[in-house]
Each structure stands twice: as structure tokens, then as C-alpha cells.
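Everything on this sheet refers to the single structure shown next.
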Amino acid sequence: MGISFDKKVDGSVWLNFDIQPTAKPTELQNRTDKLKDPGFGRVFTDHMAIVRYEHGKGWHSAKVESRGNFPLDPATAVLHYAQEIFEGLKAYKRADGGVNLFRPDANARRFRDSADRMAMAQLPEDIFIEAIEQVVRIDRDWIPGGEGSLYLRPFMIASEIFLGVKPSAEYIFAVIASPVGSYFKGGPAPVSIWVSEQYTRAAIGGTGSVKCGGNYAASLRAQAEAIEHGCDQVVFLDAIERRYVEELGGMNVFFVFDDGSLSTPPLGTILPGITRDSIIALAREAGRTVREEAYTIEQWRADAASGKLKEAFACGTAAVISPIGTVRSASGDFTISGGVAGEVAMGLRKQLVDIQYGRAPDTHGWVRKVF
């Protein structure tokens, strides 16, 4: 028998998380060896959380158990119609040994929004957060120290067995965890990006603002093209005029100008990044003007050449902030401020990371202490 955890979701519904610790935990030495250099997304902890949904029954059978494979029938809906969404967030070890989550409520809200757009069952935010916290608690020994963290991947798939184009009546929500080291070895280095002029990421009315696997799958060919041209990442332009900068393959983008102001592409066809939103808040709090406005690739090139543009950087959960040094395209290349990391980007990165690890005061209520 596992240990039941009662969690009240609303005034009338109780969800019991049945905690079933693995009978074969990773041996201490093996875990220690893996945590020395875990990389990103290749090492996984011992447990996972699972909650199931059935139409007419709702969410049920919440449990934490040994990480393992899902048995999937060949006709499982997700395999044919791609009803799938996910999130990404991290658990950070504080200097006192406690653990922080950063804005999990924002991830929970975005997860519900993604589910709504994909015609999937909407998971209550309390269940989302509790599942994450349960995994963090049971696998707390997997959280690296220093600048490492525990990357958490909540996701949901359509699990009904049928062949027919309709929303699934059954879903599996799960949370897995992966210890990760510092994204950059030796500090954040400016990245080079390739401007995709042939492929687009999203269009108005599409799923650009949704964190679903299909968006990322559609970006992979463009990312491969970027690598073929010696670049680290790809940046997409809008699907209509092919002029306006939208976002990178998996990160939002910011521009810093000579008057100290910042701009970032507006929401609509891009992912509403939680790191993006946090950067906007921190920059405005520091007295900087932040505009959410359209910006063309031609203007980017001209502003870099004139010196009006001082910095450009990408942001996301994994890397936090990545300075952009060089932009390459079939139309020619250009660099931003000599291709070095800028003070504004690095200052914002340090400020954000210090909040996440509990080294700086959290004046926004972003940090949630698990223990």
C-alpha cells in the first residue's frame, strides 16, 4: 500500500495522491555520478506523478510511482491526432537546503489555456501544482547544488483508443523530472541565429501561443537549416509578410536600444513565455521602458548597423537568457555590438536567477517554497 495524500481541489472534490515509492531506488553512488554532469534532459529521477481523466468521471487515480513506460495501444489518439501539451519549469535548491519553485501558478494557467485551445480536458491548477510538488518532495535528493536545478516536465496526452477525428474522451497527465546542470559552461556566451526565410512557425488563429509538441516538431527542419549554416538557433518571421520577427525555435526574443528601452514581439502567434513576462516586470520595475511591438528583420539589421540597437537576447526556462551575437540569413549577416554579451541582458539574468535560488528578495510573490 502507498501513502495517501489528501488535497482539496475545490469545495466539494477531494483528490488523493497515492504515494508509492519505488522498490528499486537508484543507488547513491550511481546517482552521485549522474549528478556530476547531467547535461540537459538526459538523466531522469526515480519517480513520476500520474493523474487520469475520463469524460463523465473527471480527474481520478492520482498517484506518484516509479518512473516507467506507458503501455499504449497502437490506436491511442495522441499517436494519430497529436492531442498533446506540456510545460517546463524548474526546482531550485536554496543555500539553506530548501527548494523553490518559480511561478508554478503561471505554468498551471498556461497549461489550462493550452488544453482549451487543443480541445483537451482542463486540469485544475491545484492538481497541476500538487503533482509537481509531490515529485519534488520524493526526488529531492536528485536536485543538484550550485547552478544546477531539477527540470520538471508536466505533460498531457490523449489516451482514448479510437481512430476518428474528434477530441479524446480520455487523458493522461504526468510529471517527470530531470536533474540539469548550468545551461552554459563558463557563463552565457552569445549565440548565433539563422533567420528562417522559407519556414514559418505559426499564423494568426493557429497554435503559436500553445505549448504543444506540434509547434516544436514544425520548427525542427528550420533548426536543422540553422545548424547547417553554423548557427546555434533559428529565428522565425511572421507567416504573412515574412518580415516581422516573432521568436526563436524555443525561446522568446528581446531587443535593447541606446536609450535604455527594450522591445519584444507582441503576443498572439508566439508563446507567452513566463521568463519573458518576468523580464518585462523586472525591467519596468527598474524604470526601463518596455514595448511589446512588431519589429522587422530589416529594422533589426539597420539598427544593429547604426548602433541604435545595443543588445539582443533570447529567453526561456532552460537557459534563462541567451545573448544574441550574430544574425545570419540568405540576405547577409550582421552582428550586434561586436557580438559580445550585453550588460542589460546579463544584469536581468543575474537578477532573475538570484530570485529563483532565493539569493535575492522576491518582491513579486513569484517563489513558492516546497520545503
Side-chain angles (χ1 to χ4, degrees), residues 110 114 117 190-257 261-277 279-280 290-319 321-337 339 342 345:
R110 189 170 66 182
S114 292
R117 177 60 182 85
V191 297
S192 58
I193 61 173
W194 174 256
V195 181
S196 178
E197 297 177 341
Q198 180 178 357
Y199 303 102
T200 60
R201 179 185 173 276
I204 296 172
T207 60
S209 62
V210 176
K211 203 164 178 67
C212 63
N215 289 344
Y216 294 82
S219 74
L220 294 179
R221 184 63 194 90
Q223 177 62 29
E225 186 179 74
I227 293 172
E228 290 167 5
H229 286 85
C231 294
D232 301 300
Q233 270 282 352
V234 62
V235 63
F236 290 99
L237 305 179
D238 73 287
I240 299 175
E241 297 187 43
R242 306 291 181 94
R243 297 180 60 219
Y244 296 100
V245 179
E246 295 214 319
E247 66 180 9
L248 276 66
M251 304 176 78
N252 296 122
V253 63
F254 278 84
F255 307 96
V256 183
F257 298 93
S261 67
L262 286 77
S263 78
T264 188
L267 298 179
T269 57
I270 68 173
L271 188 71
I274 294 164
T275 305
R276 172 189 183 275
D277 184 69
I279 288 169
I280 291 173
V290 183
R291 299 178 298 276
E292 297 179 69
E293 63 182 11
Y295 191 61
T296 67
I297 185 62
E298 297 93 346
Q299 194 63 50
W300 188 358
R301 184 188 301 274
D303 289 346
S306 69
K308 179 180 179 180
L309 179 72
K310 292 301 182 182
E311 302 178 35
F313 61 88
C315 67
T317 299
I321 286 179
S322 298
I324 297 172
T326 305
V327 180
R328 297 174 181 169
S329 72
S331 303
D333 306 344
F334 61 92
T335 59
I336 300 130
S337 292

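The analysis underlying the following values was restricted to heavy atoms, covering all of them including side chains, and did not include hydrogens, waters or symmetry mates. The structure presented is a predicted model; accordingly, all values stated were derived computationally and were not measured. If you read the sequence from its start, that first residue is 1, and numbering goes on from there.
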Which heavy atom of [X] sits nearest to which heavy atom of [Y], and what is that distance?
{"X": "P190", "Y": "G339", "value": "CG-O, 3.3 Å"}
{"X": "C231", "Y": "S192", "value": "CA-OG, 3.3 Å"}
{"X": "K310", "Y": "S337", "value": "O-OG, 2.6 Å"}
{"X": "A222", "Y": "S196", "value": "CB-OG, 4.0 Å"}
{"X": "A239", "Y": "T200", "value": "CA-CG2, 3.7 Å"}
{"X": "G268", "Y": "S209", "value": "O-CB, 3.9 Å"}

Original post:
Can you name the ring-ring contact (aromatic ring centres under 6.0 Å, His included) partners of F236, sequence neighbours left out?
Top reply: none

**OP:** Check each of Q233, E225, E228 against W194 using the side-chain hydrogen bond (donor to acceptor under 3.5 Å, both in side chains) test, and report the only one that passes.
**Re:** E225

Are [X] and [Y] packed together at the side-chain level, in the sense that at least one heavy-atom pair is separated by less than 4.5 angstrom?
{"X": "L262", "Y": "F313", "result": "yes"}
{"X": "T317", "Y": "T275", "result": "yes"}
{"X": "I279", "Y": "I321", "result": "yes"}
{"X": "R276", "Y": "F254", "result": "yes"}

Are the side chain of [X] and the backbone of [Y] linked by a donor-acceptor contact shorter than 3.5 Å?
{"X": "N252", "Y": "L271", "value": "yes"}
{"X": "E311", "Y": "I324", "value": "no"}
{"X": "R110", "Y": "P272", "value": "yes"}

Original post:
By side chain to side chain donor-acceptor pair (under 3.5 Å), which residues pair with Y295, not counting sequence neighbours?
Top reply: D303

Subject >> Residue pairs, two or more places apart or on separate chains, that pass salt bridge (charged side-chain N to carboxylate O under 4.0 Å, His left out) and touch residues 193-213 >> reply: R201-E247

**OP:** Go through the structure and list residues passing side-chain contact (heavy atoms from CB on, under 4.5 Å) with E246, not counting sequence neighbours.
**Re:** D238, T269, I270

Subject >> Residue list, side-chain contact (heavy atoms from CB on, under 4.5 Å) with T207, at least two apart or on another chain >> reply: R117, M118, V210, C212, N215

**OP:** Could I get the full list of salt bridge (charged side-chain N to carboxylate O under 4.0 Å, His left out) partners for E293, not counting sequence neighbours?
**Re:**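 Salt bridge (charged side-chain N to carboxylate O under 4.0 Å, His left out) check on E293 returns R291.
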
Original post:
Does I240 CD1 have over 12 foreign heavy atoms under 6.0 Å away?
Top reply: no

**OP:** Any chance you could lay out the side-chain contact (heavy atoms from CB on, under 4.5 Å) test for D232 and I193, step after step, and finish with the verdict?
**Re:** CA-CA 6 Å; D232 301 300; I193 61 173; 5.9 Å; no

